[in-house]
Amino acid sequence: MSFSSFAEFVAMGNHGLYVWSAYGISLAVLILNVVGPLLARRRYLQEEARRLRREESK
Amino acid sequence: MRHSGRDRCVEPMGSPIVTTPFLEAMALACERDWRLLFERLDLALAPGDMLQVVGPNGSGKTSLLRLLAGLMQPTAGEVRLQGRSLRGQRAELARNLLWIGHAAGIKGLLTAEENLAWLCALHRPAGDEAIWQALAAVGLRGFEDVPCHTLSAGQQRRVALARLHLEAPPLWILDEPFTALDKQGVAQLERHLQGHCERGGMVVLTTHHSLAVRPATFRELDLERRAA
Amino acid sequence: MRHSGRDRCVEPMGSPIVTTPFLEAMALACERDWRLLFERLDLALAPGDMLQVVGPNGSGKTSLLRLLAGLMQPTAGEVRLQGRSLRGQRAELARNLLWIGHAAGIKGLLTAEENLAWLCALHRPAGDEAIWQALAAVGLRGFEDVPCHTLSAGQQRRVALARLHLEAPPLWILDEPFTALDKQGVAQLERHLQGHCERGGMVVLTTHHSLAVRPATFRELDLERRAA
Amino acid sequence: MSPVFALLLARESRLLFRRPAELVNPLVFFAIVIALFPLAVGPESQLLQTLSPGLIWVAALLAVLLSLDGLFRSDFEDGSLEQWVVAPQPLPLLVLAKVLAHWLFSGLALVLLAPLLALMLGLPARCLPVLLLSLLLGTPVLSLLGAVGAALIVGLKRGGLLLPLLILPLYIPVLILGSGALQAALQGLPAAGHLLWLASLAVLAVTLLPFAIAAGLTISVGE
Amino acid sequence: MSPVFALLLARESRLLFRRPAELVNPLVFFAIVIALFPLAVGPESQLLQTLSPGLIWVAALLAVLLSLDGLFRSDFEDGSLEQWVVAPQPLPLLVLAKVLAHWLFSGLALVLLAPLLALMLGLPARCLPVLLLSLLLGTPVLSLLGAVGAALIVGLKRGGLLLPLLILPLYIPVLILGSGALQAALQGLPAAGHLLWLASLAVLAVTLLPFAIAAGLTISVGE
Amino acid sequence: MNWTWFHKLGSPKWFYEVSGRWLPWFAVAAALLLGVGLVWGLAFAPPDYQQGNSFRIIYIHVPVAFLAQSCYVLLAVAGLVGLVWRIKLADVALQCAAPIGAWMTFIALVTGAIWGKPTWGTWWVWDARLTSMLILLFLYFGIIALGQAIANRDSAAKACAVLAIVGVVNIPIIKYSVEWWNSLHQPATFTLTEKPAMPVEMWLPMLVMVLGIYCFFAAVLLLRMRLEVLRREARSSWAKSEIKALVGAA
Ligand code: HEM
Ligand SMILES: Nc1ncnc2c1ncn2[C@@H]1O[C@H](COP(=O)(O)OP(=O)(O)OP(=O)(O)O)[C@@H](O)[C@H]1O
Ligand SMILES: Nc1ncnc2c1ncn2[C@@H]1O[C@H](COP(=O)(O)OP(=O)(O)OP(=O)(O)O)[C@@H](O)[C@H]1O
Ligand SMILES: [Mg+2]
Ligand SMILES: [Mg+2]
């Protein structure tokens with residue numbers, strides 16, 4: 001552990017803003033990359049469900 | 001003829017006479033790139049009339065239709081709407097005209113339904129229900145929400161022709177409406193055109209095939225020339 | 001059938017058998033954007049044959065012709081030329097094929113003569129004399145030196161069809177060759193196609209009208225489907 | 001505002017969003033052209049800073065202009081324009097809606113991207129408000145002027161570089177005012193005069209040019 | 001050289017000369033873009049001279065690229081490309097002839113116009129040979145690379161700014177080498193190294209890219 | 001040589017089954033490695049003697065930059081396989097990997113820019129490596145835009161393949177010329193290459209992060225590809241029953 005306190009950890013030796021924003025943006029993008037395909041998959045399955053229902057009712 | 005259209009002075013706002021032709025062409029001439037396609041062409045269209053323009057390739061059928069729809073200006077002569085020259089009454093013509101040219105204004109990226117909704121909105125908006133019925137009437141049930149560019153040539157034409165099944169203006173000008181339609185589609189459209197005329201509408205169209213079903217008022221205009 | 005094409009092993013360079021079809025389609029399937037147009041389609045074409053592909057709008061006629069001409073790849077199955085898969089013998093097919101699609105490769109800025117000269121040069125160059133004769137044969141005498149974009153729709157098609165009157169490869173694949181032709185043009189083309197088959201050529205074509213003149217070997221292929 | 005105006009706006013937006021790639025193309029073009037310059041003139045930051053006002057404006061101008069090339073093309077080819085001309089709605093109104101939709105989604109995005117590129121070229125942050133404002137006032141003028149040209153050439157088979165030829169000379173006042181404003185800001189001078197001029201150009205363009213565009217379209221359709 | 005090659009060259013030249021306006025469009029675009037810069041960055045001659053190598057190259061690059069947008073479009077639409085694909089002639093050869101014709105009449109003209117514009121920007125006359133030579137070696141590469149993009153997007157209804165997006169990043173080596181050569185000449189340094197590199201790029205492009213273009217066309221036609 | 005395994009690899013059904021089994025492993029590995037690497041790098045690794053703590057950005061910047069570059073090579077390889085052997089799965093891979101690569105490039109640029117501010121005092125300089133990374137982003141954009149612009153799936157994939165191959169041939173040329181460009185004009189003010197020899201406790205977490213980000217990439221790629229394969233095969237019997245099962249479960 002190279003920090004002695006949590007506050008020090010957050011401050012990152014005065015570079016906290018840079019470090020945390022870099023990591024924040026990166027993580028956000030990574031999460032977006034996971035959530036995007038998952039959402040697309042759900043949307044696709046919903047579409048298919050609707051189509052199947054339509055075909056059955058025909 | 002009693003009305004004064006014939007002698008080229010604009011009729012004052014007099015009482016409309018029942019026999020006044022709705023649309024008239026007087027001594028029309030059309031020239032494209034130096035070549036005279038036709039001249040001194042007269043025609044008159046009254047409610048209930050159906051006119052088929054025929055002629056060999058390159059005789060000027062499309063050009064004539066565009067003149068009548070106000071899309072092109074004639075080289076000589078003029079087109080009259082209800083006895084008055086077309087010049088000043090673009091808006092009046094627009095309210096009464098349904099024009100479908102070679103290309104029918106269908107956007108490939110939009111679905112059949114969206115396309116129709118917009119084309120109707122240009123004249124008067126139509127409800128979803130009416131649009132779906134019109135699409136069903138031209139045999140496109142099940143294709144309502146497919147982007148039009150994935151439809152075949154004939155199917156795209158059917159989307160455009162569905163406009164004829166929505167509440168439509170009296171005068172229809174159609175350039176080769178039958179192209180790309182299969183036999184059943186052709187027969188159906190012929191019947192629909194006949195019905196429109198019988199309800200007092202007017203149709204001007206070109207096509208190379210001879211119609212099997214025609215209203216009583218059917219006439220042909222032959223632009224026969226030595227072309228091609 | 002004696003030749004081994006049927007059981008999917010490539011025939012060695014053995015002596016060609018007279019009954020080998022020139023062009024074959026085996027278990028062909030075609031899919032466009034999710035929708036299956038046809039599958040398990042077999043056909044065989046021997047010298048002298050004429051095949052008209054029919055079907056309602058959107059049934060896949062154009063797509064089938066493009067598959068046969070090697071312009072598209074089938075989803076499944078294969079096309080064979082003289083018993084061997086098309087894959088490796090693009091050049092061989094090219095030497096034997098005359099393809100005229102919806103758009104026929106006519107440049108609007110060039111004259112009819114220049115257009116023909118180039119299209120012939122792509123296969124084997126033709127002399128001026130022959131080209132003029134071909135243009136006369138399709139009724140374009142007097143239009144040889146006019147830029148094609150000033151010709152009407154039907155006249156442009158005639159320019160393309162003039163290729164059929166020049167020394168031409170045996171297999172013709174024509175997509176809606178009759179569109180935009182007037183009646184006299186249609187009749188003339190029908191006779192010409194018949195003549196080609198009688199001289200041992202082959203024709204595959206689509207059209208929505210039924211041919212009045214047909215060779216004895218005429219067959220129809222119906223892609224009937226529930227489309228449109 | 002008439003309902004067709006809103007309807008057309010909605011329709012055009014939908015069309016644009018069906019092809020998102022086309023939407024961002026002008027943006028990426030803008031960015032690439034700006035990125036080409038350091039590669040071509042060298043990376044010295046002082047030179048790039050001096051250059052940046054002019055460079056940003058020229059790039060914006062080219063991006064807007066070239067994205068307009070096809071503005072009416074597909075409408076012409078599929079017959080939509082014919083339908084507009086024979087419709088009872090006033091053509092200038094339809095045209096205005098169409099250009100507005102185009103500007104909203106490509107011009108505006110370009111305005112928003114510009115500060116980032118400006119920073120990369122070393123433009124000091126205090127110039128950014130002037131940059132934003134000048135682009136905000138200038139790009140609608142560019143769009144409308146370009147649309148006039150696009151309407152005139154829509155019937156031609158191969159436009160090629162005809163549109164730039166017709167329209168770039170007309171863009172010069174906007175270019176001078178826009179880059180002038182920015183240059184003034186860079187040197188710490190007031191830029192209000194330039195911006196006022198740009199604003200009045202914008203008002204003029206919005207009121208008059210739709211009629212010119214409509215006239216151009218009627219000519220092209222009637223050919 | 002096969003006879004179709006010569007025939008196609010003749011045919012393409014004839015087509016280009018039937019529309020002389022299209023032939024000069026890239027030239028005028030080139031000139032206008034260069035002329036915009038003094039308007040946008042101000043008329044100081046020192047700045048313009050420093051700028052000129054890069055500016056000339058960027059303008060040439062944009063002019064070539066944008067003139068290529070429609071290279072195969074009309075051939076695609078009127079069915080000529082289908083005929084090429086089903087013809088017994090090798091497609092890469094036909095493609096090479098077509099690009100060569102285009103380059104001969106627009107690329108070459110641009111090379112010849114460049115010295116004039118360079119002088120107007122204040123480039124000293126001793127740099128002109130390097131300018132000419134670098135453009136002469138560079139523009140064919142630009143044409144061929146652009147043709148790859150044009151072949152890939154030919155089937156699309158509205159290209160918009162797609163072509164620049166695809167191709168401009170690939171132009172960067174030519175841009176760097178070309179403007180680098182010129183900059184070296186401007187500073188009195190030898191430019192032979194740059195020019196040799198450009199020459200080898202040109203050789204590579206002429207031998208390899210026709211195949212990529214042919215592949216792109218086959219894909220577009222087979223759609 | 002027996003090529004059957006190769007074509008089996010191209011079979012969508014086989015792929016769908018196998019990828020279904022692999023996906024959870026990659027996902028778990030990515031989560032573990034990234035978690036460990038992050039905590040290690042952010043909290044435990046010693047600070048840099050020159051840059052202090054801002055250097056910790058390296059643990060996201062470098063792995064992502066690596067991935068961004070290798071992903072483009074993957075695109076070209078997939079394109080080649082798709083074009084030469086006509087394996088549709090390669091087409092799917094190409095189109096699914098492109099957006100991921102673009103995002104990775106974006107992260108590398110953003111983290112680099114943020115890092116530049118405390119170390120160089122500016123967000124951006126026209127340095128060779130930075131510039132070529134920007135160009136890489138544009139290359140990705142080109143492939144994505146081309147893929148979206150072409151409506152027909154098969155043609156879109158083939159067109160992207162051609163572009164990716166032409167692009168990858170150009171990448172060394174671009175890289176080389178950009179470096180030359182920069183060194184010719186003026187010596188670069190800042191260089192990334194002259195790194196201090198890193199002590200082990202600094203680069204070990206980096207190694208963990210690199211592995212983690214590659215696992216992450218594999219997981220996301222499989223996720224995207226599985227959906228795409230399902231879409232493309234929607235009419236085949238196995239996909240139909242799969243979709244029915246999935247829909248029923250939802
Ligand atoms: C927008 C700005 C930046 C971009 C686009 C960028 C890009 C890259 C790339 C592409 C790599 C991978 C190199 C390789 O594959 O070997 C890399 C590595 C690296 N970057 Fe950055 N970088 C940026 C800013 C910075 C800054 C500001 C620093 C710190 C001063 C930095 C430090 C490093 C280090 C130490 C490496 C690892 C060196 C190596 O393994 O070769 N970068 N960067
Ligand atoms: N855009 C144009 N520019 C110049 N001339 C044209 C143009 N369009 C058509 N023409 C000429 O006008 C004549 C008539 O063309 P039009 O399209 O009206 O014929 P058409 O009767 O509709 O023929 P088709 O039956 O082939 O459709 C043609 O001979 C053609 O040469
Ligand atoms: N470019 C395309 N992209 C996607 N789908 C297409 C494309 N072209 C055609 N299709 C689809 O393929 C089907 C068959 O089209 P094709 O053009 O082969 O029909 P056709 O039998 O020639 O019809 P028509 O008689 O209308 O010419 C159509 O239903 C259409 O939806
Ligand atoms: Mg006509
Ligand atoms: Mg068809």
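Below, chain A is the first sequence line, B the second, and so on; all start at residue 1. Please read these numbers as outputs of a predicted model, since none were measured by experiment.
Among all heavy-atom pairs drawn from F:L223 and A:P37, the shortest one is CD2-CB, 3.9 Å. The minimum heavy-atom distance between A:A40 and F:R231, with the atom names listed, is O-NH2, 4.4 Å. Across all non-hydrogen atoms, the minimal contact from A:L45 to F:V247 is O-CG2, 3.7 Å.
Of the listed residues F:I60, F:L34, F:V220, the one with more heavy-atom pairs under 4.5 angstrom with chain A than any other is F:I60. The residue among F:I243, F:V64, F:L230 with the most heavy atom pairs within less than 4.5 Å of chain A is F:I243.
Residue F:W25 places its CH2 atom among 12 or fewer non-hydrogen atoms of other residues, nucleotides or ligands, all under 6.0 Å distant.
Taking CD1 of F:I114 as the start and CH2 of A:W20 as the end, the distance is 13.0 Å to the nearest 0.5 Å. Separation of atoms CD1 (A:I25) and CD1 (F:I107) is listed at 9.5 Å; rounding is to 0.5 Å.
Panel note: side chain A:Y23, backbone F:R56; a donor-acceptor pair is recorded below 3.5 Å.
Only the side chain of F:L227 comes within contact range of chain A, judged by heavy atoms closer than 4.5 Å. The parts of A:L30 that come within reach of chain F are both its backbone and its side chain, each placing non-hydrogen atoms under 4.5 angstrom from that chain.
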Practice problem: Give the C-alpha distance, both sets of side-chain angles, the deciding distance and a yes or no for side chain to side chain contact (heavy atoms under 4.5 Å, CB included) between A:E48 and F:L246. | Solution: CA-CA 10 Å; A:E48 284 298 303; F:L246 286 174; over 6 Å; no
